[in-house]
Visitor: 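The structure that follows is given in the form of structure tokens.
All values below come from the heavy atoms of this structure, side chains included, with hydrogens, waters and symmetry mates left out. Keep in mind that this is a model prediction, so the values were computed, not measured.
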Amino acid sequence: MSERITVDARGMACPGPITKLVRAYRKASPGTLIEVLATDPGFKPDVEAWAKRTGNEIVELAEENGVIRAVIRVTGKK
Amino acid sequence: MQARDPLEMLIEELGDPELQESIEKMVKLAKALNRSGLLDVLLAMADEEVVARLSSMLVTTGTMKLADNIEELTRAAGEVAQALSEPVEPVPLSELVSSLRDPEVLRGLARLLRVLKALGRA
Amino acid sequence: MERILVLGAGTGGLVAANLLASHGYPVTLIEKRETHLFQPGMLWIAFQGHNPSRYTRPVKELIRPGVELVHGEVVGIDLGERLVHLADGRTFTYTTLIIALGAHLDYDSTPGHRELVERYGDFYSGASAAEKMWSHFKELTSGRLVIAAADPLYKCPPAPHKAAFLAAYTLRRMGRLGSVEVHLALPFLHEYPSEVIARIVAPKLEEAGVRVSTLFTVESIDVGEGKIYSLEGEELDFSLAAVIPAHRGPTVRMEPGEVLDEDGFIKVDKYRLNVEGYDDAYAIGDASNAPTSKTGVTAHLGAEVVVDRIMGYDSRFNGRTNCPIVADGTASFVISSYDHPPVPVKFTRFKRMLEDLFIASYWSSLMYPERWAPIFRAYFNATDPRVISGGW
């Protein structure tokens with residue numbers, strides 16, 4: 001099973017959640033799954049744009065009870 | 001670095017003719033302000049509560065927006081003043097309707113509507 | 001006996017100490033440096049060649065009677081025992097503590113960064129580093145100046161933008177903007193963390209002739225080869241570069257350690273600014289984890305809240321920011337608070353003049369904060385983000 005990092009950015013306003021994701025990404029090795037929990041509605045388009053630009057794969061992106069859960073597989077790192 | 005005696009430094013400074021001249025002028029100014037009573041007014045105004053009232057009156061959302069747009073406002077006022085100084089003939093109704101096709105007139109009307117809206121809000 | 005200890009003579013520490021002294025409280029202020037630096041001044045030293053003496057003053061000339069100044073470096077804080085330890089072995093006790101130690105600039109977590117700053121200076125680590133940057137910048141006749149950041153969290157969010165603007169204007173005046181490229185590489189999705197501000201800043205940057213890369217978080221620097229590599233997998237060549245370091249909490253031994261977050265910032269109640277779990281210790285400015293921008297304005301306003309609370313008023317900090325973005329002859333402000341995102345504030349000449357006035361009042365506002373409070377309060381009320389939410 002691949003390594004998994006969870007980032008809790010609930011309650012943080014823009015750009016908090018993306019900042020936290022970038023920091024987790026810095027420490028992550030290729031193949032790692034990064035799970036981000038956020039409540040900022042701007043996070044959904046932001047994480048999609050981030051993944052597209054950096055060449056990482058969004059495995060899951062869902063919203064439940066106001067909490068956005070994004071799971072990203074680190075594929076953009078060599 | 002050795003700390004110098006402030007009094008010594010001051011005495012040295014006082015030998016400077018430019019400083020002597022400035023001090024003479026400052027003394028004259030102080031006397032003139034005092035004679036006119038302006039110094040008393042300034043002293044009374046330097047009170048914390050007066051400053052607070054004065055700044056809450058002068059620094060408002062309105063004045064901040066006004067000062068921010070002063071250039072546009074004076075430019076528009078200048079245009080209006082110039083238009084006012086030019087001689088005009090009464091406009092017949094038919095020409096009034098056709099002038100509504102002029103984009104400048106239409107833009108002016110659109111602005112006027114916005115101003116009316118803002119006045120309504122205020 | 002009552003003894004209020006203020007740690008750090010930056011903006012927040014000086015405002016807190018001088019305010020307390022004006023109300024008659026016994027205050028001890030501990031600071032390791034001899035001089036206070038107006039930090040935004042580093043931008044003008046580095047990219048417009050201003051004299052550093054404009055932006056520095058001895059700490060002892062910035063305190064009022066009633067403030068006891070102790071020269072020393074804080075190395076440990078014990079919140080349970082109410083003790084503060086200095087590097088020279090001295091120990092201080094307190095009845096109330098205000099931690100205003102600022103952020104630690106971490107040049108060691110990015111490979112090549114320390115070598116870069118030692119060679120070229122920058123506009124974050126001090127007046128002499130900024131002078132060093134100027135000495136290289138003024139000789140730059142061709143190539144590329146890169147302004148970048150190693151992490152999205154740093155103090156003064158518009159600092160890299162201001163650096164790029166100032167550098168571009170200086171180059172234009174020298175007639176070199178055609179041969180030297182100013183390249184702003186930002187660790188954000190857009191030209192600014194807030195998209196609202198990005199839409200206002202982007203055309204201004206283009207007008208100034210600044211090239212922009214987004215999603216470029218510096219991961220390593222090869223000074224010899226003149227290359228910067230990003231976490232996102234891109235690279236930039238440079239002739240001269242200034243990279244904003246990652247920021248961490250103050251480097252002191254904290255007891256208990258749980259009051260620090262993962263980056264070493266001190267966890268506070270974001271409204272009351274007391275250290276989590278303690279009602280006799282506060283943290284203000286860059287040292288705290290309050291979820292607002294790390295700027296002089298937030299440090300100043302935080303200090304006022306803490307002094308109010310010490311005096312028994314139920315004052316709350318609202319996270320208000322007022323970060324100036326200075327362009328040529330005009331300026332904009334990033335105005336936000338805890339409960340309001342940044343509002344669209346356009347660049348105007350009037351705002352540039354306001355910023356000039358804020359800078360002119362800086363030294364006086366550190367020493368006599370209570371005299372400036374009514375004027376600042378009027379300004380902050382007039383420009384409350386809820387009031388000007390439609391724009392200014």
Visitor: Can you tell me which of B/Thr60, B/Asn69, B/Val51, B/Thr61 forms the most heavy-atom pairs within a distance under 4.5 Å of chain C?
Guide: B/Thr61
Visitor: Which pair of non-hydrogen atoms, one from C/Pro385 and one from C/Ile335, has the smallest distance, and what is that distance?
Guide: CD-CG2, 4.0 Å
Visitor: Which heavy atom in C/Gly72 sits nearest to a heavy atom in C/Ile30, and how many Å separate them?
Guide: O-CG2, 3.6 Å
Visitor: Working to the nearest 0.5 Å, report the span between CG of B/Asp40 and CG of B/Asn34.
Guide: 6.5 Å
Visitor: List the steps, then state whether ring pair (Phe, Tyr, Trp, His ring centres under 6.0 Å) holds for C/His36 with C/Tyr362.
Guide: CA-CA 12 Å; C/His36 173 100; C/Tyr362 182 71; 5.8 Å; yes
Visitor: For B/Glu49, is it the side chain, the backbone, both or neither that has a heavy atom under 4.5 Å from a heavy atom of chain C?
Guide: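 Contact with chain C: none, neither part.
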Visitor: Out of B/Gly62, B/Ala67, B/Ala52, which one racks up the most heavy-atom pairs below 4.5 Å with chain C?
Guide: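 Counting heavy-atom pairs under 4.5 Å, the top option is B/Ala67.
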